[in-house]
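Just so it is clear: chains get the letters A, B, ... in the order the sequence lines come, proteins before strands, and each one is counted from 1.
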2 protein chains.
Amino acid sequence: MGASKTADYTLIQTDLARYCKALSHPARVAILQLLLERKTCICGDIVEDLPIAQSTVSQHLKELKQSGLIKGEIDGTSVCYCIDESEWIKATQLLRTFFDGFELNRNTCC
Amino acid sequence: MGASKTADYTLIQTDLARYCKALSHPARVAILQLLLERKTCICGDIVEDLPIAQSTVSQHLKELKQSGLIKGEIDGTSVCYCIDESEWIKATQLLRTFFDGFELNRNTCC
DNA sequence: CATATTAATCGCAATATTACGATAAAAGGA
DNA sequence: TCCTTTTATCGTAATATTGCGATTAATATG
C-alpha cells in the first residue's frame, strides 16, 4: 500500500476521522446507543442485544475503546462499559464545528 | 466473512454509519473541508491540495459521492464538486441527535 | 485533425476490517 | 477444588480499503 503518513493531515482531521471510524459500523453505533440509553452497560447485555457473535462484539468494543469513546471497568467476572465523558464531549465539539462550517459558508457553486 | 445483514440494524444506525464511514479517512475530511471553504471546488484543486495521487483522490471523491454528502457537476473537461445540501443537513441532524443523547441521559455507571 | 488537459477507471499489491468458532483466562459459587 | 459464567484472544477466512501507476474517455485548444 501507499504512504499517506499521519503528518500529511492536521490533528483535527485525523481526530475527526478517528471518531468517525469508530462510528462507521452499524454494530458500533448500536453499542453506543445502548450505552447511552441504559443504566447498566454489562458486556453480556450488549451481546444479547446484537445480532452478532460474542467474539465479534468483543472486537467492536475493543475498537470503541481504542477510539477513546468508551471505557471498560472490570466488575467480578463481567465488564461494565461506559461512554468516556471527556472524549465524547471532544468528539461532539469537533463534529459540531465541522458540520457548522456549512451554515457559516454556504458556497453554492453547483 | 460473516453475515450481518442490513436488516439487523435500524435505518438510523445504518445511515449514521454510512455518513461516518465517509468521514472515516483524513483525506476525505480534508476534501470536505476544502469544499466547505472554497467558492470553486474543481477536482484538480483538490488533487493539488492533498498529499496523495490523482487516482486516489478520485477514489475518495467517488466514496464521498456514494455516501451522498457531495455531488459532482461536469463543466467542460473539469468536474466541480460540491456539498449536497439536503444530505449534509440530514447527516448534521442525525449526528446532533445521536451525540445529544449523552446530555439527555447521563448514566454514570462506571 | 492532432494534441493537450482533466478526471475516471483498471489492474495490482499491501493491509485492514469483519466475522466466526474455539480456546484461554479470570473470578465466583457449589 | 471443580464447575460455571463472563469476556478476551487466537486462528482463520472472506472481503474491503487504501494507494499507486498506467490507461482510457471526454472535452478543449491549436
Side-chain angles (χ1 to χ4, degrees), chain A residues 1-9 13-14 17-31 34-35 40-67 70-82 109-110, chain B residues 1-9 13-14 17-18 20-31 34-35 40-67 70-82 110:
Chain A
M1 217 216 289
S4 129
K5 299 141 286 178
T6 316
D8 288 336
Y9 302 99
Q13 286 164 350
T14 53
R18 181 168 47 86
Y19 289 131
C20 285
K21 192 167 189 172
L23 282 156
S24 74
H25 193 288
R28 292 195 288 271
V29 172
I31 289 171
L34 277 177
L35 298 192
T40 58
C41 37
I42 302 300
C43 174
D45 300 342
I46 300 168
V47 171
E48 272 188 27
D49 223 85
L50 294 191
I52 48 180
Q54 178 267 323
S55 59
T56 309
V57 171
S58 200
Q59 229 171 344
H60 283 305
L61 285 168
K62 191 180 177 183
E63 281 179 72
L64 284 171
K65 257 193 295 184
Q66 280 169 349
S67 80
I70 71 169
K71 54 187 176 180
E73 208 168 68
I74 296 167
D75 175 29
T77 48
S78 44
V79 177
C80 177
Y81 282 101
C82 263
C109 73
C110 18
Chain B
M1 215 216 293
S4 134
K5 299 141 285 179
T6 315
D8 288 337
Y9 302 99
Q13 286 163 351
T14 53
R18 180 168 49 86
C20 285
K21 192 167 190 172
L23 283 156
S24 74
H25 193 289
R28 291 194 290 270
V29 172
I31 290 171
L34 277 177
L35 298 193
T40 58
C41 36
I42 301 300
C43 176
D45 299 343
I46 301 168
V47 171
E48 271 187 29
D49 223 86
L50 295 192
I52 48 180
Q54 178 265 324
S55 59
T56 309
V57 171
S58 202
Q59 230 172 344
H60 283 305
L61 286 168
K62 192 180 178 183
E63 281 178 71
L64 285 171
K65 257 193 293 182
Q66 280 168 349
S67 79
I70 71 168
K71 54 187 175 178
E73 209 168 66
I74 297 168
D75 174 30
T77 48
S78 45
V79 177
C80 177
Y81 282 101
C82 262
C110 18

Whole-Å gap separating P (dT18(C)) and OH (Tyr9(B)): 10 Å

Short side-chain N/O contact from His60(A) to OP1 or OP2 of dA19(C), under 4.0 Å: yes

Give me the ring orientation class for His60(A) and His25(A): parallel if the planes are under 30° apart, tilted from 30 to 60°, perpendicular past 60°. tilted

Evaluate the criterion side chain to side chain contact (heavy atoms under 4.5 Å, CB included) for residue pair Leu35(A) and Ile70(A); output intermediate values, then yes/no. CA-CA 9 Å; Leu35(A) 298 192; Ile70(A) 71 169; 3.7 Å; yes

Rounded to the nearest Å, what distance is computed from the CG atom of residue Leu64(B) to the C1' atom of nucleotide dT17(D)? 14 Å

List the atom of Ala22(A), the atom of Leu64(A), and the distance in Å for their closest heavy-atom pair. O-CD2, 3.9 Å

Restricting to nitrogen or oxygen on both sides, can you table the protein-nucleotides 5-12 of chain D pairs closer than 3.5 Å?
unit_1 : atom_1 : unit_2   : atom_2 : d
dT7(D) : OP1    : Cys43(A) : N      : 3.4
dT7(D) : OP1    : Gly44(A) : N      : 3.4
dT7(D) : OP1    : Val79(A) : N      : 3.2
dT7(D) : OP2    : Gly44(A) : N      : 2.8
dA8(D) : OP1    : Tyr81(A) : OH     : 2.2
dA8(D) : OP2    : Ser58(A) : OG     : 2.8
dA8(D) : N7     : Gln54(A) : NE2    : 2.8
dA8(D) : N6     : Gln54(A) : OE1    : 3.0

Using OP1 and OP2 only, check whether a side-chain N or O of Lys21(A) sits under 4.0 Å from dT17(D). no

Arg28(A) side chain to Ala17(B) main-chain N or O, any donor-acceptor pair under 3.5 Å? no

Could you check how far CD1 of Ile46(B) sits from P of dA8(C), rounded to whole Å? 9 Å

Judged by each residue's nearest nucleotide on DNA chain C, which is more toward the 5′ side, Ser24(A) or Gly76(A)? Ser24(A)

Which comes earlier along DNA chain C counting from the 5' end, the contact point of Ala27(A) or that of Ile74(A), where each point is its nearest nucleotide? Ala27(A)

Within this structure, what is the CZ-to-C1' distance between Arg18(B) and dT17(D), rounded to whole angstrom? 18 Å

Just how far, in rounded Å, is C1' of dG19(D) from CG of Leu50(B)? 13 Å

Mind calculating the distance between NE2 (His25(A)) and P (dT17(D)) to the nearest angstrom? 11 Å

Atom SG in Cys41(B), atom CD1 in Ile31(B): separation rounded to 0.5 Å? 12.0 Å

Using salt bridge (Lys or Arg N to Asp or Glu O under 4.0 Å) as the criterion, list what pairs up with Asp49(B), not counting sequence neighbours. Arg38(B)

